[in-house]
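Reading through the structure tokens given below for one structure.
Throughout, numbering of the chain's residues begins at 1 and tracks the sequence.
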Amino acid sequence: LLWQWIETTNKSNASSDRIDEIIDLISVASFDIAEEQTEKYLLEFTDCIIGRMCAAALCLEKSDLKGAIENLQTIYYKQPTNTLALYALGHCYERIDKEAEAIEFYQDCLKFKNYLEFPRQRLAAIYYKNGQIERVIQEYRLQLQEYPDDVETYVLLGYLYLETGDYTAACEAFSNAILVHPDNYSAPPAEEEKI
């Protein structure tokens, strides 16, 4: 996700041939050289958002969450509405078991772009992990407001309602999934008759 953003942003801004070189190095899995080039680039252009995003992505590639957080925080201070930085910070904090911070970053991400699926799904996952089923249901209901034809969300809601014992809501959610995509059911193969 980070690399896709970097490539797209770099092409639309035509920001630097050196960033293009770093992207090319990443595409051939030359991570050490890419990291070295990124460090050199950031010595010269310390505030470059794309350069910082490259550094964060390289840190994540080698599971250096502390380094990723440092680079992402720099982006966040410069662009507090950068939803990719917010999402990535939430991801990093979730991975180091700082769920309260992760929740804040995911929620901030959704404040700016309520239609984003990943932050909402991660919020739901954290709530589910902590047994907060009603909050999970709330997140998936919000997801349906943005994506009313999402069969998977209806099915997940159906199972969540079953877990809470709300069988009427579960039936409604499953029925909505069928109405949205009636051809998604495949019958089990018939057994051959024995002679």
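Using modelled atom types, one finds no donor on one side chain facing an acceptor on the other under 3.5 Å when comparing Y106 with E139. In this structure, a donor-acceptor pair under 3.5 Å is absent between the side chains of Q145 and N114.
Distance check, rounded to the nearest 0.5 Å: CG of N82 to CG of D108 gives 12.5 Å. Atom OH of Y87 is separated from atom CG of L110 by 10.5 Å, given to the nearest 0.5 angstrom. A distance of 5.5 Å separates CG in L116 from OG1 in T83, rounded to the nearest 0.5 Å. In this structure, the separation between SG on C92 and NZ on K66 is 13.0 Å, given to the nearest 0.5 Å. Between atom CD of residue Q79 and atom CE of residue M53 there is a gap of 8.0 Å, rounded to the nearest 0.5 Å. To the nearest 0.5 angstrom, K113 atom NZ is 8.0 Å from T81 atom OG1.
Surrounding CG of D32 are at most 12 heavy atoms belonging to other residues, nucleotides or ligands under 6.0 Å away.
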Applying side chain to side chain contact (heavy atoms under 4.5 Å, CB included), run through K62 and E35 and close with a yes or a no. CA-CA 11 Å; K62 62 182 185 177; E35 185 176 1; 2.6 Å; yes

Take E146 and R120, measure what salt bridge (charged side-chain N to carboxylate O under 4.0 Å, His left out) needs, and give me the verdict at the end. CA-CA 11 Å; E146 295 295 327; R120 189 162 314 284; over 6 Å; no

Are Q37 and C54 close enough, and set up right, to give a side chain to side chain contact (heavy atoms under 4.5 Å, CB included), and what steps lead you there? CA-CA 10 Å; Q37 293 299 321; C54 286; over 6 Å; no

Let's go through I69 and Y93 carefully: what are the C-alpha distance in whole Å and the side-chain angles of both, what is the deciding distance for side chain to side chain contact (heavy atoms under 4.5 Å, CB included) to 0.1 Å, and is it a yes or a no? CA-CA 8 Å; I69 289 170; Y93 279 109; 3.6 Å; yes

Between T153 and R141, does the side chain to side chain contact (heavy atoms under 4.5 Å, CB included) criterion hold? Intermediate values first, please. CA-CA 8 Å; T153 301; R141 282 183 182 158; over 6 Å; no

Y159/F174 under ring pair (Phe, Tyr, Trp, His ring centres under 6.0 Å): CA gap, chis, key distance, verdict: CA-CA 9 Å; Y159 284 116; F174 290 133; 5.3 Å; yes

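Shown are Q138, E152, E117; of these, the side chain to side chain donor-acceptor pair (under 3.5 Å) with Q143 is made only by E117.
By the criterion of side-chain heavy atoms lying less than 4.5 angstrom apart, applied directly or through intervening Ile, Leu, Val, Met, Phe, Trp or Tyr residues, L157 is grouped together with Y128 in one hydrophobic cluster. Under a hydrophobic clustering in which Ile, Leu, Val, Met, Phe, Trp and Tyr are joined whenever their side-chain heavy atoms come within less than 4.5 Å, directly or via other members, I137 and Y167 fall into the same cluster. One hydrophobic cluster holds both L144 and Y140 under the rule that ILVMFWY side chains link at heavy-atom gaps under 4.5 Å. Residues L42 and I49 share a hydrophobic cluster, clusters being chains of Ile/Leu/Val/Met/Phe/Trp/Tyr side chains in contact below 4.5 Å. In the hydrophobic clustering of this structure, V180 groups with V155; members are Ile, Leu, Val, Met, Phe, Trp, Tyr whose side-chain heavy atoms approach within less than 4.5 Å, directly or through other members.
With sequence neighbours excluded, no residue forms a salt bridge (Lys or Arg N to Asp or Glu O under 4.0 Å) with E39.
Minimum interatomic distance between A170 and G158 (heavy atoms only, all atoms of both residues): CB-O, 3.4 Å. When all heavy atoms are compared, the tightest approach of I75 to A85 is CG2-CB, 3.7 Å. Minimum heavy-atom separation, G67 to C59: C-SG, 3.6 Å.
Inter-residue side-chain proximity for V151 and N176 is flagged as unmet; no heavy-atom pair is nearer than 4.5 Å. Counting heavy atoms from C-beta on, the side chains of K78 and R52 never come closer than 4.5 Å.
Figure legend: R135 and Y127 shown as a cation-pi pair, the cationic atom lying under 6.0 angstrom from the six-membered ring centre and within 45 degrees of its axis.
Without hydrogens or angle criteria, Y147 side chain to Y115 main chain gives a donor-acceptor distance under 3.5 Å. Using a distance-only test at 3.5 Å, with no hydrogens or angles considered, no donor-acceptor pair links the side chain of Y154 to the main chain of D149.
Aromatic ring orientation, F105 versus Y76: perpendicular (interplanar angle above 60°, classes split at 30° and 60°).
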